[in-house]
Amino acid sequence: FFPAGGKLSSTFSSGLLVRVIDRQGRPLAGELSIDESKTKKVDSHGFAEVVVTEKPSGLKLSFIGQTGGLAGAVSLKRAPTQVDIATSAQLVAAGDRLMVHLRTLSASARVYLDAWWQKGWCYSGQTKTENGQANLEVQLPAGIEGPLVIRARLDPFGQGQAQSDAMLLVGGRQAPSVAQGFDFLRQLETSTNFWAEIGSLDSGSRPIGLLAVLSRVTAPEGVLPLLADGQEAEELSVAKHKQAMIRFGLWVVGLLSGLVFLIVGVMLISASLKTDRKQRKQRLITACICLAVCGLVLAGGWVCLYWVTRGILE
C-alpha cells in the first residue's frame, strides 16, 4: 500500500496506490474490488489507484487475475488531521506553476505554506479556506533541483502538530526522469531495510513506481535539516522589511508633524496680526510660546516613537 502523501487521513478522503504481487514479488495484472462496490483495473506492473473515503475503519479488497484470486480485509489506523495538502503534480520542473489544493477541518481557516529543498527555504505563502477548501497557485523558483517539501500549517510560527506535508521531486529545467528521481530518493533514504521493503519498484521505468516509493519517504518533522541557512535568510528578509516599513512610518509622522506645526503657526500669527496694535505684541509673544510648546510636543512624540522602535532599526 502506498498512500498519496505518505499517510492516509481519517479526516479527509485520500488517494492510495495498491500493488498486487505474487510470492516471488512479481507484479500481477487483473481487477481489484474495493468494499464490494468499486472495481479498479490492476495494470501489468501490479498497480491500481484507489480513493479511500474519510473516516474509514478498514478496506475489504478482492483481487481476480489470470492465475486466480485473493480476498481479505485491511484494518486502518485512525489518523485525524486538521489540514491536508495535495499538489497537482509530484514530478515537476524548476520554475513551474504548481496548483496546491488545501482542505481544513474548519469551514474557514488561515493556512500558511512554506517550501524547502536541500539548500534552504524557497517559498512562503498563505491563503484562507472557504467551506473547508482552497486552491493556491505556487510559483516554484528557478534554479532548484532535487527533493522538495511543501508544508501546510495552521500556526503562522509552525508550532504544534496541525500541519501536513507534500513531497515533490524537482528535475531542474524539466520534470525528473524515473532514473533521476530514484537518484534523488537514494540521497534521502540510505537505509538498506527501506529499499529491501520496496523490492523491485526501483527496477522499472514507469513514473507510478517512482511515485509509490516517494509516498514511503517521510518528510522530517520540525525545522528541516540542512535548511537553517534558508530559515535565517527568510528571517533576515522579514527583519529588513520591518525596518523599511518603520523608517517609512517615521518619515510620514515627521512630515505630518511639520505640516501640523506650520498650519498652527500660520493660524496663530494670523490671529495675532488681526488684533489692535496695543495687544498685537502680547499676542505675538503668546503665539510664539504656543508654537514652541506645540513643536516640543510633536518633536517629543516623534522621539518617543523612534525610541520605541530603535531596537528593530539597529
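Residue numbers start at 1 and run along the sequence shown. Everything numeric here is computed off the predicted structure, so don't read it as measured data.
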Approximate separation, where rounding is to 0.5 Å, of [X] [atom1] and [Y] [atom2]:
| X | Y | atom1 | atom2 | answer |
| --- | --- | --- | --- | --- |
| Leu113 | Ser124 | CG | OG | 8.5 Å |
| His101 | Thr129 | NE2 | OG1 | 10.5 Å |
| Tyr123 | Leu98 | OH | CG | 9.5 Å |

Tell me which one of Leu210, Leu91, Val92, Leu168 satisfies side-chain contact (heavy atoms from CB on, under 4.5 Å) with Pro176.
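That would be Leu91; it is the only one of Leu210, Leu91, Val92, Leu168 passing the side-chain contact (heavy atoms from CB on, under 4.5 Å) with Pro176.
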Look at atom [atom1] of [X] and say whether more than 12 heavy atoms of other residues, nucleotides or ligands are closer to it than 6.0 Å.
| X | atom1 | value |
| --- | --- | --- |
| Gln174 | CD | no |
| Leu28 | CG | yes |
| Glu130 | CD | no |

Residues pairing under salt bridge (Lys or Arg N to Asp or Glu O under 4.0 Å) where one sits in residues 175-185, two or more places apart or in two chains, turn out to be Asp183-Arg186
May I have the step-by-step check of side-chain contact (heavy atoms from CB on, under 4.5 Å) for Leu105 and Asp84, ending in yes or no? CA-CA 9 Å; Leu105 189 59; Asp84 180 71; over 6 Å; no
What closest approach, in Å, do [X] and [Y] show between heavy atoms, and which atom pair accounts for it?
| X | Y | result |
| --- | --- | --- |
| Ile144 | Ala94 | O-CB, 3.5 Å |
| Leu17 | Glu49 | CD2-CG, 3.4 Å |
| Met167 | Leu214 | O-CD2, 3.6 Å |
| Trp117 | Gly143 | CH2-O, 3.8 Å |

Regarding Arg151 and Asp114, does a basic nitrogen lie under 4.0 Å from an acidic carboxylate oxygen?
no
Quiz item: With no hydrogens and no angle check, is any side-chain donor or acceptor of Ser177 less than 3.5 Å from a backbone partner on Gln180?
Solution: yes
